[in-house]
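What follows is a short report on a single structure.
These values consider heavy atoms only, across backbone and side chains, with no hydrogens, waters or symmetry-generated copies. Just so it is clear, the model here is predicted, and its values are computed rather than measured. For ligands, and for the atoms within them, numbers begin at 1 and follow the listed sequence.
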Amino acid sequence: MVGSKEKLKEKQDKRLQEISLLRTIPYSDHQRWWTSETVAVVTGANRGIGFEMVRQLAGHGLTVILTSRDENVGVEAAKVLQEGGFNVDFHRLDILDSSSIQEFCKWIKEKYGFVDVLINNAGVNYNVGTNNSVEFSHMVISTNYYGTKNIIKAMIPLMRLASQGARIVNVTSRLGRLKGRHSKLENEAVRAKLIDVDSLTEETVDKTASEFLKQVEEGTWESGGWPHSFTDYSVSKMAVNAYTRVLAKELSERPEGEKINVNCFCPGWVKTAMTGYAGNISAEDGADTGVWLALLPDQAITGKFFAERREINF
Ligand code: NDP
């Protein structure tokens with residue numbers, strides 16, 4: 001008899017095969033809202049999923065800005081794609097550093113004038129396997145949540161207003177889910193606050209992140225009902241997921257023609273440096289849903305969470 005784990009694996013493999021096929025179908029002229037003048041920015045793109053998203057977006061004909069916090073590594077990564085004939089530019093960007101964010105925005109404004117797509121991929125995680133240290137919690141929450149939020153806020157004024165809407169895509173994780181079979185969150189109060197999209201505010205998300213960090217400082221986090229594995233990372237992605245919904249609400253109030261759609265996705269468990277190359281899918285497959293979301297012809301989708309090109313629950 002086939003166990004439920006095997007069945008799940010079979011289902012996942014089938015979906016991945018379907019997606020590989022979907023990826024081979026070219027977008028029709030009718031679906032293509034973009035041109036070679038369309039500008040996409042990807043953060044943390046010198047390697048892994050970010051690099052792959054740059055490659056795939058450039059492959060679809062967009063102008064893509066590969067950003068990296070390390071100048072030399074980023075230049076080299078961009079060179080690989082430029083030599084392959086892709087329209088890829090490079091600029092340094094450290095999402096933890098406000099002067100780097102400012103400098104980047106200034107450069108974009110002067111060189112391109114606007115951005116159509118922003119993919120927030122940069123992120124850190126310091127736990128592998130069953131190890132669950134919170135030693136680097138500050139860095140994890142600062143980069144994954146506050147860094148992402150800061151670059152979004154700086155870039156919004158630079159996003160091109162167009163009928164199809166500009167797009168923001170946040171790379172998050174199922175580890176940050178609030179409910180469902182795989183959610184590891186036991187703190188009901190936190191769940192109740194973050195799940196109610198109507199009352200959810202940025203302040204609530206900030207408070208949740210700082211409450212977690214306070215418990216880490218006081219040494220009480222273990223009884224806080226936070227997810228038990230990859231705790232700091234899971235909390236950081238939970239915060240980005242919630243912020244995606246808050247921002248989507250805010251941006252959907254803009255008048256027609258000025259809208260920005262913002263969604264998030266989980267790439268799956270991907271063979272990259274972050275997982276010690278222990279994932280079960282390639283960076284190419286992991287990048288797929290992010291690229292698909294960035295290029296979605298349907299403009300009305302915002303404030304949602306996706307995986308394997310399907311909507312999933314927060
Ligand atoms: P990698 O570690 O390969 O890539 C992470 C990238 O983020 C690197 O380019 C890294 O730069 C960059 N980065 C880290 N901090 C900063 C910063 N302050 N400013 C700018 N860039 C920064 O991991 P992945 O490709 O796997 O991860 C990409 C995204 O996907 C992350 O957000 C991750 O959380 C998410 N994700 C990954 C999963 C997986 O299984 N791999 C699963 C679910 C989500 P540098 O090279 O300088 O360190």
Side-chain angles (χ1 to χ4, degrees), residues 12 16 41-56 65-78 80-81 90-104 118-129 136 138-152 154-155 168-177 182 227 229-241 243-244 264-291 293 305-308 312:
Q12 272 178 345
L16 285 175
V41 168
V42 183
T43 67
N46 50 289
R47 66 182 192 196
I49 300 167
F51 178 82
E52 257 305 310
M53 287 193 284
V54 172
R55 196 180 67 79
Q56 292 182 26
I65 320 297
L66 182 156
T67 70
S68 159
R69 59 178 162 176
D70 182 313
E71 177 107 30
N72 294 333
V73 173
V75 166
E76 283 307 310
V80 170
L81 296 174
F90 168 77
H91 199 276
R92 183 178 176 270
L93 174 63
D94 181 342
I95 62 162
L96 271 180
D97 176 357
S98 59
S99 58
S100 170
I101 291 181
Q102 269 176 27
E103 205 184 291
F104 176 67
L118 168 65
I119 302 198
N120 294 297
N121 165 79
V124 291
N125 163 49
Y126 293 90
N127 288 309
V128 270
F136 301 104
H138 242 284
M139 182 58 108
V140 172
I141 302 282
S142 300
T143 307
N144 298 2
Y145 174 50
Y146 291 107
T148 297
K149 198 162 80 154
N150 290 342
I151 184 68
I152 289 175
M155 294 292 286
I168 300 176
V169 177
N170 296 328
V171 188
T172 69
S173 168
R174 286 179 175 95
L175 289 173
R177 282 176 98 173
H182 301 292
S229 54
F230 302 94
T231 306
D232 48 13
Y233 179 80
S234 302
V235 173
S236 74
K237 295 298 189 183
M238 202 177 278
V240 184
N241 282 347
Y243 180 63
T244 302
C264 53
F265 81 101
C266 174
W269 190 37
V270 190
K271 290 183 212 287
T272 63
M274 184 171 282
T275 56
Y277 299 93
N280 57 8
I281 61 168
S282 64
E284 187 182 344
D285 286 335
D288 176 80
T289 301
V291 172
L293 272 175
F305 190 15
F306 293 86
E308 290 91 37
I312 60 172

Exercise. Would you check if the distance from the ring center of F265 to the ring center of F306 is below 6.0 Å?
Key: no
Which residue holds the protein heavy atom closest to [atom], what is that atom called, and what is the gap in Å?
atom: atom 30 (O) of ligand 1; value: V171 CG1, 3.3 Å
atom: atom 21 (N) of ligand 1; value: A122 CB, 3.4 Å
atom: atom 1 (P) of ligand 1; value: R47 NE, 3.4 Å
atom: atom 34 (O) of ligand 1; value: Y233 OH, 2.5 Å
atom: atom 24 (P) of ligand 1; value: T272 OG1, 3.5 Å
atom: atom 5 (C) of ligand 1; value: G123 O, 3.6 Å
atom: atom 23 (O) of ligand 1; value: M274 CB, 3.3 Å
atom: atom 9 (O) of ligand 1; value: N46 OD1, 2.7 Å

How many angstroms lie between atom [atom1] of [X] and atom [atom2] of [Y], to the nearest 0.5 angstrom?
X: R47; Y: E52; atom1: CZ; atom2: CD; answer: 14.5 Å
X: F305; Y: N170; atom1: CZ; atom2: CG; answer: 10.5 Å
X: D285; Y: N280; atom1: CG; atom2: CG; answer: 9.5 Å
X: I95; Y: N144; atom1: CD1; atom2: CG; answer: 7.0 Å
X: I168; Y: C264; atom1: CD1; atom2: SG; answer: 12.0 Å
X: C266; Y: I312; atom1: SG; atom2: CD1; answer: 6.0 Å

Self-check item: Check against side chain to side chain contact (heavy atoms under 4.5 Å, CB included), N125 and V140
Solution: CA-CA 6 Å; N125 163 49; V140 172; 5.9 Å; no
Exercise. Begin from the C-alpha positions of I119 and V171 and carry the test side chain to side chain contact (heavy atoms under 4.5 Å, CB included) through to its verdict.
Key: CA-CA 7 Å; I119 302 198; V171 188; 4.3 Å; yes
Quiz item: Does ligand 1 have a heavy atom under 4.0 Å from the side chain of K271, from its backbone, from both, or from neither?
Solution: neither
Quiz item: What part of A283 sits under 4.0 Å from ligand 1 if we count only heavy atoms: the side chain, the backbone, both or neither?
Solution: neither
Exercise. Compute whether any side-chain donor of one residue and acceptor of the other, for N121 and T43, lie under 3.5 angstrom apart.
Key: no
Would you mind listing which atoms of ligand 1 come within a distance below 4.0 Å of any non-hydrogen atom of [X]?
X: G268; value: 38 (C), 39 (C), 40 (O), 42 (C), 43 (C)
X: V124; value: 14 (C), 15 (N)
X: W269; value: 40 (O)
X: G48; value: 3 (O), 25 (O)
X: T275; value: 39 (C), 40 (O), 41 (N)
X: I95; value: 17 (C), 18 (N), 19 (N), 20 (C)
X: L93; value: 19 (N), 20 (C)

Within the structure, does [X] bring an N/O atom to less than 3.5 angstrom of an N/O atom in ligand 1?
X: R69; answer: yes
X: C266; answer: no
X: T143; answer: no
X: V270; answer: yes
X: K237; answer: yes
X: G44; answer: yes
X: I49; answer: yes
X: N121; answer: yes

Heavy-atom gap [X] to ligand 1 smaller than 4.0 Å:
X: D94; answer: yes
X: S68; answer: no
X: T172; answer: yes

Please report the shortest heavy-atom distance between [X] and [Y], naming the atom on each side.
X: D288; Y: Q56; answer: CA-OE1, 4.0 Å
X: L118; Y: I151; answer: CD2-O, 4.5 Å
X: S236; Y: Y145; answer: O-CB, 4.2 Å

Exercise. Step by step, work out the side chain to side chain contact (heavy atoms under 4.5 Å, CB included) result for N46 and D70.
Key: CA-CA 8 Å; N46 50 289; D70 182 313; over 6 Å; no
Quiz item: Are E308 and R174 within salt-bridge range, i.e. N to O under 4.0 Å?
Solution: yes
Quiz item: Between Y277 and K271, is there a cation-pi geometry (under 6.0 Å to ring centre, at most 45° from the normal)?
Solution: no
